[in-house]
**Q** 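A single structure is presented below for examination.
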Amino acid sequence: MDCDKCDREAVMHAAYSGAHLCDAHFCTSVEKRVRRRIRSDALVPSDASPENPQTWVVGLSGGKDSVVLTHILDETFGRDPRIDLVALTIHEGIEGYRDESLDACLELSEALEMRHEVVAYDDEFGVRMDDVVESDPMDMAACAYCGVFRRDLLERYADEFGADKLLTGHNLDDEAQTALMNFLEGDLEQMAKHFDASIGPFAAGDDDLRERPASDRFVPRAKPLRDVPEKEIALYAHLMDLPTHMAECPHASEAYRGEIQELLLELEENHPGTRHSIMAGYEELAALAAQRYRDDGTGADLTDCERCGSTTSGDVCRKCRLLEAL
Amino acid sequence: MQVTTEVVGDAVHEVSLRDDATYADLLAELGYSPHEVAVLVDGSPVPEDGTVTGDRVRVLRLIKGGGA
């Protein structure tokens, strides 16, 4: 079967668009979608310049998503004096699993000559996820502890490195799952937070209501891969021969997300384009929810955690409460 | 038609298919969605809606598993 754009053999079929593409045209198509999202989310502000460059911290786990994101960002902005890229890897203390994926991170950052920082739960909090799952004082899934710790360190170190933005490798499947979970849980307020934290476009200066407001409290996050299906990210990594670590975390236990993932794969097979249409509708809905639920923008309901100083809505942040329980 | 299918890192299956079967049909026999794996023939990925040719394929699992 031939590529739609040339006479080479197609390597993939995107049922949602009908396209058959060869390796070269497929890889170009992935890169174009990522760059288009970077433009439409206005990630590069108009006042970024070689004298006043932006710093983007990229969460690099060594899995295919973050490796592809880091690679495409380097291809796009590696020589752009307006953007400084810093890769940040979090070591959770998971024997074998994270050590191997760290090798993939090191191989990539060395090949790209990109600044790369590694921070570990053990050094920062005195805990390792292998021990956390053993003691489990809150009777929760491993991911519930790990997500809180990871977000804390990504946020804290992004801030320390002077980041203007924190970029993560969430793909279309990840975001469509999150959207559907928020919808099925009936959680409009969570949709509003999701919009303002990571999926709303940055202000382009035209006063569009579908933009997120600037926050003094948090480093804003962005997800430039979120138009690309998970399989296509993996295929891109395979075809570009990027160093990735494919194994699944031995503690992975997000049962509900797994159920939603199965449901979405089945829907996508019977109704190609479902993930894209979920996200198109969800982004519009989340923008409306953000207008409805957004506070006055001053962050008046947020304070500093009395133990660690990070931003929280209570006296003590969730991370400090989990660490105390451990 | 008999196709020897190696699921990389797992098992080798002998799958019987109609002569005009597609790679998506082959995946359905094995219980995989085309959105979670790539089919490789002679080391190269192939579109899932293509007709199966040859008697050996490899299936590469690309995405982390769900709850199943």
Side-chain angles (χ1 to χ4, degrees), chain A residues 1-4 8-16 18-23 26-27 61 63-65 171-174 176-177 229-239 244-249 252-270 272 274-275, chain B:
Chain A
M1 199 172 292
D2 284 346
C3 174
D4 292 346
R8 289 161 51 94
E9 280 282 316
V11 297
M12 63 86 70
H13 172 232
Y16 57 85
H20 289 92
L21 297 174
C22 68
D23 49 2
F26 166 70
C27 289
S61 69
K64 63 191 184 321
D65 302 300
N171 58 50
L172 176 63
D173 294 55
D174 295 328
Q177 288 159 19
E230 181 163 10
K231 177 186 172 175
E232 293 181 34
I233 302 281
L235 196 55
Y236 181 91
H238 177 81
L239 291 169
T244 64
H245 181 241
M246 286 295 288
E248 189 174 0
C249 173
S253 55
E254 286 190 288
Y256 186 47
R257 184 172 284 273
E259 217 176 299
I260 297 289
Q261 180 186 31
E262 294 289 313
L263 176 70
L264 269 177
L265 287 179
E266 201 179 319
L267 281 170
E268 187 67 38
E269 209 173 332
N270 298 333
T274 297
R275 290 165 300 185
Chain B
M1 159 174 60
Q2 282 286 117
V3 182
T4 305
T5 308
E6 178 194 353
V7 179
V8 177
D10 190 20
V12 177
H13 306 266
E14 294 295 330
V15 184
S16 300
L17 294 169
R18 298 188 320 272
D19 282 349
D20 60 349
T22 63
Y23 292 105
D25 295 330
L26 170 65
L27 293 177
E29 285 291 320
L30 296 170
Y32 288 109
S33 156
H35 301 290
E36 57 184 340
V37 299
V39 180
L40 304 181
V41 178
D42 297 330
S44 239
V46 292
E48 284 79 16
D49 61 337
T51 308
V52 178
T53 54
D55 54 6
R56 287 196 72 85
V57 306
R58 297 170 80 212
V59 172
L60 194 59
R61 286 180 295 176
L62 294 176
I63 75 173
K64 48 194 183 292

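Chain letters run A, B, ... following the sequence lines, proteins first and then strands; every chain starts at 1.
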**Q** Sort by residue number and list every member of residues 5-33 of chain B having a non-hydrogen atom under 4.5 Å from chain A.
**A**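 From residues 5-33 of chain B, the residues near chain A are S33(B).
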**Q** Would you say the side-chain atoms of K231(A) pair up with the backbone N or O of L62(B), donor to acceptor, closer than 3.5 Å?
**A**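 Not a single qualifying donor-acceptor pair exists.
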**Q** Say you draw a straight line from CD of E230(A) to NE2 of H35(B); how long is it, rounded to the nearest 0.5 Å?
**A**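 Going from CD on E230(A) over to NE2 on H35(B), the span is 12.0 Å.
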**Q** Is it the side chain or the backbone of V37(B) that comes within 4.5 Å of chain A heavy atoms, both, or neither?
**A**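 When you check distances to chain A, only backbone atoms of V37(B) fall under 4.5 Å.
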**Q** Return the CD to CD distance between E36(B) and E268(A), rounded to the nearest 0.5 Å.
**A**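 One finds 12.5 Å between CD of E36(B) and CD of E268(A).
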**Q** Measuring heavy-atom distances to chain B, does I233(A) have an atom under 4.5 Å in its side chain, in its backbone, in both, or in neither?
**A**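 The answer is neither part of I233(A).
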**Q** Can you confirm whether R58(B) is buried at CZ, in the sense that more than 12 heavy atoms of other residues, nucleotides or ligands lie under 6.0 Å from that atom?
**A**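 Atom CZ in R58(B) is not crowded, with 12 or fewer foreign heavy atoms closer than 6.0 Å.
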**Q** Among E9(A), E266(A), R275(A), which has the most heavy-atom pairs under 4.5 Å with chain B?
**A**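 With the most close heavy-atom pairs to chain B, the winner is R275(A).
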**Q** Are there residues of residues 46-56 of chain B whose heavy atoms fall under 4.5 Å of chain A's heavy atoms? If so, which?
**A**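 Checking residues 46-56 of chain B against chain A gives V46(B), P47(B), E48(B), D49(B), G50(B).
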**Q** Under a 4.5 Å heavy-atom cut-off, does chain B meet the side chain of M1(A), its backbone, both or neither?
**A**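 Interface part for M1(A): side chain.
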**Q** Using a 4.5 angstrom heavy-atom cutoff, name the option from A10(A), A252(A), C249(A) with the most pairs to chain B.
**A**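 Of the options given, most contacts go to A10(A).
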**Q** Taking every non-hydrogen pair under 4.5 Å, which of H20(A), Q177(A), H238(A), E232(A) racks up the most with chain B?
**A**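 Most heavy-atom pairs within the cutoff with chain B belong to H20(A).
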